[in-house]
Amino acid sequence: MDNSLYIDSLNSKSIFLIRDYLINELSTVIKDNRPIVFFCVGSDRSTGDSLGPLIGEKLKSFSKNNLYIYGTLENPIHAQNILDTLSYIKNTHKKAYIISIDAALGSIDKVGKILIEKKPLHPGLALNKNLPSIGDLSILGFVNISSNLEFMVLQNTRLYTVMNLANTISHGIHHFILKTTGQKKSSCNIDKILEKIL
């Protein structure tokens, strides 16, 4: 399978495309019973940067059964606490598979699109912040256009765009969780689960 997925958040099939991508990429992780951490980066103080915390807020009730959600509206992950949070996760969840989620800026044709890649997230790039690469897989939502005034662009991003992205990404992850760990018997064979879905 391709290591990346690029889709429009308004595509009627986007939720299922996200679900299927995650199932395919994480089947071995699930089979090995490794913890899966959703690392949602961003701040609720900026509309454009609130994508991560909004997704974390929508998913926080799923933080159980070897799935963990970090970064919500109440407890966002931002530049000031990102290193401490990452250190805590690595010490608490041994051999965790980390899925990093963040907002991104790009060309006008990318706004409203979602990019999932099997590689780490580089948080703070838009604001030239020197932060470490995070995660095994990254999910980016393009909230606005890139420019020389990145901070102002994030502050003046439409909430409508951010919410569309947050809804699509969180629903896709939600479906992934239900299909892989929402079974009554936690010992279900992953191959049997995949057969029903694919």
Side-chain angles (χ1 to χ4, degrees), residues 1 3-5 18-19 21-46 48-104 114-141 143 154 165-166 169-170 172-183 186-188 190 193:
M1 184 178 184
N3 282 338
S4 65
L5 174 67
I18 293 171
R19 177 199 67 187
Y21 180 93
L22 293 176
I23 287 170
N24 276 287
E25 291 297 339
L26 275 68
S27 60
T28 303
V29 176
I30 295 166
K31 187 180 290 186
D32 292 342
N33 204 32
R34 290 174 61 189
I36 298 174
V37 171
F38 290 92
F39 193 84
C40 306
V41 181
S43 170
D44 62 338
R45 296 178 182 271
S46 166
D49 201 27
S50 65
L51 179 66
L54 282 168
I55 293 170
E57 189 71 20
K58 291 172 180 290
L59 296 173
K60 66 181 181 181
S61 63
F62 292 100
S63 198
K64 54 190 173 185
N65 300 327
N66 227 24
L67 282 166
Y68 304 93
I69 314 298
Y70 287 88
T72 62
L73 291 176
E74 182 180 3
N75 297 298
I77 298 172
H78 44 69
Q80 283 71 45
N81 67 6
I82 195 168
L83 294 177
D84 289 340
T85 306
L86 188 59
S87 177
Y88 173 81
I89 289 170
K90 288 185 175 180
N91 289 328
T92 306
H93 311 297
K94 302 301 181 184
K95 296 183 178 179
Y97 187 96
I98 299 177
I99 299 172
S100 301
I101 302 172
D102 199 3
I114 298 163
L115 176 63
I116 308 179
E117 293 184 288
K118 197 174 180 182
K119 66 180 190 179
L121 171 74
H122 302 286
L125 278 183
L127 299 176
N128 297 313
K129 292 182 179 177
N130 187 21
L131 297 171
S133 300
I134 297 169
D136 302 281
L137 185 143
S138 58
I139 302 177
L140 294 175
V143 298
L154 287 172
L165 286 163
I169 295 169
S170 62
I173 294 171
H174 181 187
H175 278 263
F176 157 73
I177 292 170
L178 291 178
K179 290 292 185 181
T180 56
T181 63
Q183 309 299 318
S186 59
S187 60
C188 278
I190 185 65
I193 296 172

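The chain is numbered in sequence order, starting from 1. What's counted below: heavy atoms across the whole structure, side chains too, no hydrogens, waters or symmetry copies.
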Handout entry: side chain to side chain contact (heavy atoms under 4.5 Å, CB included) assessment of L140 paired with L121
Key = CA-CA 8 Å; L140 294 175; L121 171 74; 3.4 Å; yes
Exercise for the section: Please test I116 against I18 for side chain to side chain contact (heavy atoms under 4.5 Å, CB included), starting from the C-alpha separation and ending with a verdict. Expected result: CA-CA 8 Å; I116 308 179; I18 293 171; 4.0 Å; yes
Practice task
Check step by step if side chain to side chain contact (heavy atoms under 4.5 Å, CB included) holds for L5 and L115.
Solution key: CA-CA 6 Å; L5 174 67; L115 176 63; over 6 Å; no
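With N91 contributing its side chain and S87 its backbone, the two residues share a donor-acceptor pair below 3.5 Å. In this structure a side-chain-to-backbone donor-acceptor pair under 3.5 Å is present from R34 to K95. S100 places a side-chain N or O within 3.5 Å of a backbone atom of I134 that can act as its donor or acceptor partner. In terms of modelled atom types and a separation under 3.5 Å, the side chain of S63 and the main chain of I69 share a donor-acceptor contact. Between the side chain of D44 and the backbone N or O of P53 there is no donor-acceptor pair closer than 3.5 Å.
Residues L22 and L137 meet the side-chain proximity criterion, which asks for heavy atoms closer than 4.5 Å. Side-chain contact between I36 and I30 is present, with at least one heavy-atom pair separated by less than 4.5 Å. Within the 4.5 Å cutoff, the side chain of C40 has no heavy atoms near those of the Y70 side chain.
One finds the CD1 atom of I177 at 11.0 Å from the CD1 atom of I23 (value rounded to the nearest 0.5 Å). Residue K90 holds its NZ atom at 6.0 Å from CD1 of I98, rounded to the nearest 0.5 Å. Atom NE2 of H122 and atom CG of D102 lie 11.5 Å apart (nearest 0.5 Å). Taking OG1 of T85 as the start and CD of Q80 as the end, the distance is 11.0 Å to the nearest 0.5 Å. Here the straight-line distance linking atom CG of L26 with atom OG1 of T28 works out to 9.0 Å at 0.5 Å rounding. Atom-to-atom distance recorded for I101:CD1 and L54:CG is 11.5 Å, nearest 0.5 angstrom.
In this model, no donor atom of one side chain and acceptor atom of the other lie less than 3.5 Å apart for Y88 and H93. Counting only N and O atoms by type, the side chains of H78 and S43 include no donor and acceptor under 3.5 Å apart.
Among residues at least two apart or in separate chains, salt bridge (Lys or Arg N to Asp or Glu O under 4.0 Å) pairs with a member in residues 54-68 are E57-K60.
The shortest heavy-atom contact between I82 and A79 is CG2-O, 3.8 Å. Residues S133 and P120 come closest through the heavy atom pair CB-CB, 3.8 Å.
If you run side-chain contact (heavy atoms from CB on, under 4.5 Å) between F39 and each of I139, I89, I99, only I89 comes through.
Here K118 pairs with N3, Y21, E25, Y97 under the side chain to side chain contact (heavy atoms under 4.5 Å, CB included) rule; sequence neighbours left out.
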